Amino acid sequence: MLLFTPGPTPVLEDVRFSMSQPTIHHRTPEFEAIFADIREKLKNIFQTKEVLMIASSGTGAMEASVINFTQKKALTINAGKFGERFGKICQAQGIDYTELKYEWHTPVSVNDVIKALEDEKDIDAIFIQICESAGGLRHPVEEIAKAVKTLGRDIMIVADGITAVGVEPIDTSDIDVLISGSQKAFMLPPGLSMLGLNEGAIKRLESYDKGYYLNLKSELKKQQANTTAYTAATTLIIGLGTMLNKIESIGVEKLYHDTKMRAQATKKALQAIGLDIYPSTPAPAMTTIAFEKADELRKILKSKYSVNIAGGQDHLKGKIFRINHMGLIETYEASWVVNAIELALADMGVRTFDGKANLIFNKEIFREDV
Ligand SMILES: *Cc1c(COP(=O)(O)O)cnc(C)c1O
């Protein structure tokens, strides 16, 4: 079965192998050396001054950010399940917040954010997805971060990059906190979250100290000494090391380029067979298609063509399907996925099969001349 859901993504064989070795103790020079090496490699991918690794799924890093970086009031951007989650975390933590809400296919506008900040002078942290995975939407995070910084107020920009880090280049110059997780572009099992921190975030941690397990101030102090406050997720971190070596040997620029090409080819192929892209500003992490019979299509893909793709959640349940582009994906697998979708559409009587999806996909990737 081809796993083509936008998280979890498949775990590659040599990564699985590296994680099958005997457990080593986390308070040893041996593990500290591995940890130190991975910290440097992560800083390079995150393009931030500091990085933290936490034993939790991505939501743990989201909650840690809300607790540690909101001093007075948060602004959350809700254009889907994950943006909504930031608001729910604020509620659970008793943190005051204002939410800007959008349809799941519509990105937040820079003007709306600036207006919200002008209206409420006590907002001191903004929480936003780079790619809102609920609809595969790309928010203009870098633009927002830049505009907010020109206001001259001390406002933290916290960007959830769980489906963006390792997927596409991100300009982190005005982003204070960049969140990621193990089971998306890093192609690891779930259970490890990562945070990139820039100067502003490091400074705020110096003067603000919150949480116990998710206390980022104490965590940063420990991790700068190449250890962790609590038991490190050693197995996942070792797997991450193997994955980062793979990414380094391929080249991160090439990874971004290949991902973009695959996303572009998939979108064009599916549009060519009459399907509609759901978000108005699609992110390269996934292709989201608006389709009324999405669940029937997904069932056929699984049972007849061995392809597992994701559906929608909440009001989009059964109305969209999502195809992953994150990670080191073989082109021949991605090519089979668009072909399988075309075959399944023919099975459903939607459209006669003529091989157009694969033709367009292969033209895009291999034969610009045709
Ligand atoms: C997957 C994902 C998360 C984290 O979810 P977990 O299940 O806690 O790992 C957060 N934000 C986005 C945008 C995601 O895609």
Side-chain angles (χ1 to χ4, degrees), residues 3-11 46 52-67 69 74 76-90 92-93 99 101-102 104-108 126-142 144 157-168 170 175 177-196 213-214 233 236-237 239-240 259 263 278-279 281-288 308-314 316 320-327:
L3 181 62
F4 261 76
T5 55
T9 53
V11 182
F46 275 71
L52 294 173
M53 288 168 258
I54 307 219
S56 76
S57 84
T59 306
M62 292 170 74
E63 183 153 6
S65 302
V66 170
I67 299 168
F69 297 110
T76 65
I77 313 300
N78 174 359
K81 206 77 190 146
F82 295 101
E84 176 190 67
R85 187 169 297 177
F86 274 129
K88 287 187 169 174
I89 293 170
C90 289
Q93 293 290 346
E99 177 184 86
K101 200 170 176 182
Y102 299 86
W104 289 17
H105 49 53
T106 306
V108 63
I126 300 175
F127 297 88
I128 182 170
Q129 274 61 39
I130 295 179
C131 163
E132 168 53 82
S133 316
L137 174 80
R138 180 64 155 92
H139 280 302
V141 175
E142 294 96 328
I144 288 168
I157 310 287
V158 180
D160 170 358
I162 296 183
T163 46
V165 179
V167 178
E168 54 174 313
I170 301 160
I175 292 173
V177 182
L178 183 59
I179 298 169
S180 188
S182 54
Q183 81 276 24
K184 310 271 168 89
F186 288 104
M187 302 185 90
L188 291 165
L192 184 73
S193 69
M194 292 152 264
L195 293 115
Y213 184 71
L214 297 176
L236 286 167
I237 290 171
L240 175 62
T259 307
Y278 174 71
T281 52
M286 66 197 75
T287 293
T288 305
N308 186 2
I309 60 171
Q313 295 162 293
D314 293 357
L316 290 184
I320 58 165
F321 62 85
R322 295 174 298 150
I323 304 160
N324 175 55
H325 304 305
M326 294 178 282

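Whatever order the structure lists them in is the order used to number ligands and atoms, beginning at 1. All figures in this text were calculated on a predicted structure; none of them were measured in a lab.
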For the backbone of [Y] and the side chain of [X], can you confirm whether one donor and one acceptor N or O come within less than 3.5 Å of each other?
X    : Y    : result
S182 : P189 : yes
T163 : C131 : yes
T281 : R138 : yes
E99  : K101 : no

How far is [atom] from the closest protein heavy atom, and which atom is that?
atom                    : answer
atom 14 (C) of ligand 1 : K184 NZ, 3.0 Å
atom 11 (N) of ligand 1 : D160 OD2, 2.6 Å
atom 6 (P) of ligand 1  : S57 OG, 3.4 Å
atom 9 (O) of ligand 1  : Q183 NE2, 2.7 Å
atom 10 (C) of ligand 1 : I162 CD1, 3.2 Å

Considering the heavy atoms of [X], write down every atom of ligand 1 situated less than 4.0 Å from one of them.
X    : result
M62  : 10 (C)
G58  : 4 (C), 6 (P), 8 (O), 9 (O)
R85  : 5 (O), 8 (O)
S133 : 12 (C), 13 (C), 14 (C), 15 (O)

Distance-minimising heavy-atom pair for G136 and P279:
O-CG, 3.5 Å

Return all side-chain donor-acceptor pairs below 3.5 angstrom for residues 59-66, not counting sequence neighbours, or 'none' if the list is empty.
from: T59; atom 1: OG1; to: R85; atom 2: NH1; distance (Å): 2.7
from: E63; atom 1: OE2; to: Q93; atom 2: NE2; distance (Å): 2.3
from: S65; atom 1: OG; to: A61; atom 2: O; distance (Å): 2.8

At under 4.0 Å between heavy atoms, which part of T59 makes contact with ligand 1: side chain, backbone, both or neither?
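It is both parts that get close, each with some atom under 4.0 Å.
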
Taking the side chain as every heavy atom from C-beta outward, state whether D314 and W104 have any atom pair closer than 4.5 Å.
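In contact.
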
With respect to P8, which candidate in M187, Q183, K184 satisfies the side chain to side chain contact (heavy atoms under 4.5 Å, CB included) definition?
Q183

Tell me, please: is C131 in heavy-atom contact with ligand 1, that is, under 4.0 Å?
yes

